[in-house]
Amino acid sequence: KNCKFFVGTQSGILDTAFLFNKDCLITNIVRIFETPPYTKKSRAICKIPFVKKTKKLLNLNNYLDLPYSAHHEYFINDKYDYIENTSEELLIAIKSFLKIINLKHFSKKNYKNNELIFKSYLTNRFAKLYYNDRDLIHHNQKSKLFKINLSSKGVYMSSFIKKHFIGEEIVS
């Protein structure tokens with residue numbers, strides 16, 4: 001409860017950071033619609049999905065177009081898998097996050113344009129899933145998930161969005 005910020009994954013201890021309203025850098029996210037960055041200084045980066053057969057990384061646009069069931073930590077099938085954030089991605093994210101944390105005054109002008117565009121894209125995608133995806137329609141806490149997504153003030157890390165929101169790479 002006395003920390004200045006928290007860096008970690010979607011593990012249970014993250015909930016403690018949320019409980020005390022701490023700014024967080026959340027890494028290796030798979031449940032992209034279930035654990036958004038909550039505070040305005042909070043940031044996130046997710047695991048990178050790829051097509052097993054071709055070893056091609058999915059850009060985040062294509063990943064978000066998958067059904068809701070593909071955005072869960074227990075999602076496993078023959079077509080897709082995930083790779084964890086690289087040490088380089090983590091280092092870049094942590095350095096950027098520390099700059100944000102150390103800002104005395106934080107306002108809307110501190111958000112980068114691509115962060116706000118991606119946040120809007122996520123919200124709109126979840127809204128479409130909310131009304132049309134059969135797995136989410138029957139989810140027992142879908143209203144809670146929608147409120148969580150709408151109330152989130154944080155965004156995904158700008159450098160991460162630039163690298164993975166558009167484009168395609170090959171898994172090495």
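Position 1 is the first residue of the sequence, and the numbers go up from there.
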_Counting neighbours of NZ on Lys112 that are heavy atoms of other residues, nucleotides or ligands and sit closer than 6.0 Å, is the number greater than 12?_
no
*Are Tyr63 and His164 close enough that their ring centres sit under 6.0 Å apart?*
no
*Same cluster (ILVMFWY, side-chain, under 4.5 Å), Met157 and Phe6*: yes
*Validation row, ring centre Phe118 to ring centre Phe160 under 6.0 Å*: no
_Donor-acceptor check, side chain of Ser120 to backbone of Leu116, threshold 3.5 angstrom: yes or no?_
no
*Crowding at CD1, Ile137 (>12 non-hydrogen neighbours, <6.0 Å)*: yes
*asked:* If you compare all heavy atoms of Tyr80 against all heavy atoms of Val51, which two are closest, and at what distance to 0.1 Å?
replied: CE2-CG2, 4.0 Å
*Donor-acceptor pair, Lys22 side chain versus Lys1 backbone, under 3.5 Å?*
yes
*asked:* Would you say Asn102 and Lys4 are linked by a side-chain donor-acceptor pair, where the criterion is simply a distance under 3.5 Å?
replied: yes
*asked:* Using 0.5 Å steps for rounding, measure from the CD1 atom of Ile161 to the NZ atom of Lys119.
replied: 10.5 Å
*Do the ring centers of Phe97 and Phe5 come within less than 6.0 Å of each other?*
yes
*Can the ring centres of Phe126 and Phe146 be said to be less than 6.0 Å apart?*
yes
*Measuring from Lys163:NZ to Glu89:CD, what's the distance to the nearest 0.5 Å?*
4.0 Å
*Tyr68 side chain to Phe33 backbone, donor-acceptor under 3.5 Å*: no
_Would you say Leu64 ends up clustered with Ile117 if hydrophobic residues are merged whenever their side chains have heavy atoms under 4.5 Å apart, either directly or through other cluster members?_
no
_Could you report the tightest heavy-atom contact between Cys46 and Asn85, atom names first, then the distance?_
O-ND2, 2.8 Å
*So do Leu122 and Asn149 actually touch side chain to side chain, heavy atoms under 4.5 Å?*
no
*State yes or no: do Leu57 and Ile92 share one hydrophobic cluster built from I, L, V, M, F, W and Y residues joined by side-chain heavy-atom distances below 4.5 Å, directly or via other members?*
no
*Find out if a path of hydrophobic residues (ILVMFWY) with successive side-chain heavy-atom gaps under 4.5 Å connects Tyr111 to Leu150.*
no
*Closest approach of Cys24 and Ala17, non-hydrogen atoms and distance?*
SG-CB, 3.7 Å
*Using atom types as modelled and distance alone, determine if a side-chain donor or acceptor of Asn124 lies under 3.5 Å from a backbone N or O of Tyr121.*
no
*For Ser143 and Tyr130, test the side chains for any donor-to-acceptor distance below 3.5 angstrom and give the result as yes or no.*
yes
_Quick check for you: to the nearest 0.5 Å, what is the distance between Thr9 atom OG1 and Leu25 atom CG?_
11.0 Å
*Nearest 0.5 Å please: distance from the CG atom of Leu129 over to the CG atom of Leu66.*
9.5 Å
*asked:* Do Leu90 and Thr27 make a side-chain contact, defined as non-hydrogen atoms from C-beta onward lying under 4.5 Å apart?
replied: yes
*Any Thr86 side-chain heavy atom under 4.5 Å of Leu91 side chain*: no
_Shortest non-hydrogen contact from Ala70 toward Tyr82_ = O-OH, 2.6 Å
*Inspect the surroundings of NZ in Lys153 and state if more than 12 heavy atoms from other residues, nucleotides or ligands are less than 6.0 Å away.*
no
*Close side-chain approach of Ile26 and Thr35, heavy atoms under 4.5 Å*: yes
*Under 3.5 Å, is there a donor-acceptor pair between the Asp23 and Thr39 side chains?*
yes
*Hydrophobic cluster identity match, Val7 and Val30, side-chain contacts under 4.5 Å*: yes
*Kindly indicate whether the side chain of Phe106, heavy atoms from C-beta on, has any atom under 4.5 Å from the side chain of Leu103.*
yes
*How far does NE2 of His71 sit from CD1 of Ile32, to the nearest 0.5 angstrom?*
7.0 Å
_Nearest heavy-atom neighbours spanning Leu14 and Gln10_ = CD2-CA, 4.0 Å
*Would you tell me whether Asn114 and Ser158 have side-chain atoms, one donor and one acceptor, within less than 3.5 Å of each other?*
yes
_Rounded distance (nearest 0.5 Å) linking atom CZ of Arg43 with atom CD1 of Ile94_ = 14.5 Å
*Applying side chain to side chain contact (heavy atoms under 4.5 Å, CB included), name anything that partners Ser87, two or more places apart in sequence or on another chain.*
none
*Shortest non-hydrogen contact from Leu58 toward Ile48*: O-CG2, 4.4 Å
*Can you find a pair of side-chain heavy atoms, one from Ile148 and one from Glu34, that are under 4.5 Å apart?*
no
_Verdict with supporting geometry, Tyr156 and Ile29, side chain to side chain contact (heavy atoms under 4.5 Å, CB included)_ = CA-CA 11 Å; Tyr156 273 71; Ile29 288 179; 3.7 Å; yes
